[in-house]
Amino acid sequence: MPDPPRQFYRAARVANASMDGWLPDHAVGVANGKIIDILPAADAPAAETIDLGDVSLLPGLIEGHTHIPCPPRVDAFDIISVEPNEPALMRAAHAVGLALRSGITTMRDLGSKNEVVFAVREAIASGVIPGPRLLASGAPITRTMDHCWFWGGEADSPEAVRAMAQTNADQGADVLKVMASGGNFTPTSNPRDRQYPSETIREIVEAGKPGGIEVAAHTHAADGIRAAVEGGVRHLIHCRWLSQDPSEGFRYDTELAQRIADEGIWVNPTIGLGLLAAEARERGDAAPRRNPNLQGPSPREQGLEILRDMRDRGARFTSGLDMGMAYADFHRAPAEAWAFVQDVGLSEWQALRIMTCDTAEAIGVGDNVGRLAKGLDADLVAFLGDPAENIRDLDQPSAVLQRGQRVV
Ligand SMILES: [Zn+2]
């Protein structure tokens with residue numbers, strides 16, 4: 001038997017296994033879709049080596065929060081709240097290809113119709129369409145006519161909520177999503193309102209347990225954060241601490257924030273979306289409609305100040321741009337890393353870990369992806385420049401490999 005074909009990819013900078021520094025002029029060996037070796041370029045067999053040049057080689061990016069059928073436009077609500085499945089499927093198939101070519105080799109969808117997202121996941125897994133390894137929640141569980149009701153996850157009573165969670169789990173959900181507060185996107189919803197008491201959220205957590213399925217809770221509201229944490233949720237999405245009282249703006253609870261940090265509950269603050277929106281405003285681009293129910297102030301800078309306090313308390317962050325929302329196109333994942341550095345004050349390497357190994361661990365795939373180390377999947381992405389010096393260099397990749405196959 002001949003040895004399986006192998007290839008070595010040489011780069012000026014290769015991320016080390018702990019994702020906190022570069023190995024200068026190294027090569028990553030790949031065979032059968034796995035990483036087989038990482039060694040100084042001089043020791044790699046020349047005949048089997050491809051020189052990627054003066055690039056920074058990282059593990060494939062892990063994007064923690066997408067809505068693949070959603071067009072990233074200011075009028076998206078008007079489109080997706082009424083359209084049938086067929087155009088949504090076409091758009092979702094396009095979105096996952098765009099994401100993969102941008103260097104995202106794994107992503108987690110946190111809310112789409114079951115008929116769309118599970119079909120796309122299957123099409124990627126069976127090689128019918130290109131796309132990242134996809135994990136999906138299916139329809140987010142929400143109250144009647146409340147946030148993202150149009151994806152089919154409406155449930156009001158504890159029994160109905162439990163049944164909806166069970167349906168999603170039975171259809172193959174990798175994670176369960178609950179709307180613990182209202183959202184900006186849905187005009188019949190109020191982001192300051194808690195949707196469910198903690199006992200109802202607990203029903204979802206319990207429904208996921210037999211299959212080892214964790215729960216992610218969308219919440220802009222401080223009351224929603226409390227209900228989610230007390231209900232046993234492991235992933236807080238947005239986590240924005242809006243007070244129910246519009247005149248108060250935010251209601252940040254430091255004791256609860258400390259509990260989130262101490263219990264290792266993952267936080268996806270979706271700040272890259274705010275960064276992209278601010279840049280769009282500066283350009284004079286059209287803005288999404290303001291949610292008529294959202295009253296009172298919620299200045300971005302105050303939200304960031306809260307986030308910096310959560311950082312100081314030891315909260316762990318994941319990536320997740322909320323792809324599919326206005327300005328958050330499916331190739332813009334790095335904007336979340338930019339915001340972690342620029343707005344939260346994390347180091348470049350901390351942000352790079354969030355975009356790779358930390359989020360891989362959070363979503364349960366850390367044994368297979370998220371680092372460059374022997375035995376892991378050969379998901380590699382090369383960027384020109386040095387994102388550990390300038391995080392904005394984490395942008396258009398010059399090469400992307402998915403399980404050893406070159407896609408860019
Ligand atoms: Zn979302």
Side-chain angles (χ1 to χ4, degrees), residues 62-77 79-81 88 91-92 95-96 99 104 107-114 116-117 120 132 134-143 146-154 168 173-191 193 195 204 214-221 224-225 228 233-240 242 266-277 288-289 291 294 298 303 317-330 332-333 335-336 339 359 362-363:
I62 318 281
E63 163 60 38
H65 178 179
T66 71
H67 304 281
I68 56 172
C70 209
R73 311 166 29 151
V74 293
D75 58 350
F77 179 84
I79 299 168
I80 58 163
S81 60
R91 205 183 300 108
V96 293
I104 300 168
M107 73 189 206
R108 177 176 70 173
D109 192 85
L110 286 181
S112 298
K113 277 188 185 174
N114 288 6
V116 172
V117 76
V120 170
L134 186 62
L135 284 73
S137 69
I141 299 167
T142 191
R143 292 187 306 199
D146 214 318
H147 190 39
C148 295
W149 57 270
F150 43 82
W151 277 322
E154 288 175 305
N168 284 354
D174 301 288
V175 55
L176 294 167
K177 173 83 179 286
V178 59
M179 299 308 195
S181 80
N184 292 313
F185 185 70
T186 310
T188 48
S189 175
N190 184 345
D193 281 353
Q195 283 216 30
I204 306 169
E214 293 189 339
V215 179
H218 153 110
T219 175
H220 292 291
I225 296 175
V233 159
R234 296 294 304 157
H235 305 262
L236 294 170
I237 311 301
H238 308 301
C239 194
R240 280 187 66 230
L242 293 185
W266 294 95
V267 176
N268 164 216
T270 63
I271 44 175
L273 185 65
L275 180 73
L276 293 174
R289 260 196 315 262
N291 184 315
L294 180 60
S298 55
F317 300 120
T318 72
S319 70
L321 190 66
D322 208 354
M323 287 184 168
M325 296 297 108
Y327 321 119
D329 208 345
F330 291 83
R332 302 308 307 273
E336 194 73 7
T359 300
I363 69 175

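Note that ligands are numbered from 1 as they come in the structure, with each ligand's atoms numbered from 1 the same way.
- From Ile225, atom CD1 reaches atom NE2 of His238 across 11.0 Å, with rounding to the nearest 0.5 Å.
- No side-chain donor-acceptor contact under 3.5 Å links Thr142 and His147.
- Coordination check, His67 versus the Zn ion (ligand 1): passed, since an N/O/S atom of the residue sits under 2.8 Å.
- Rounding to the nearest 0.5 Å places CE of Met323 at 12.5 Å from OG1 of Thr270.
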task = Determine, stepwise, if the pair Leu242 / Leu294 fulfils side chain to side chain contact (heavy atoms under 4.5 Å, CB included).
result = CA-CA 10 Å; Leu242 293 185; Leu294 180 60; 4.2 Å; yes
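- The atom of His65 that is an N, O or S and sits closest to the Zn ion (ligand 1) is NE2.
- Its N, O or S atom nearest to the Zn ion (ligand 1) is what matters here, and for Asp322 that atom is OD1.
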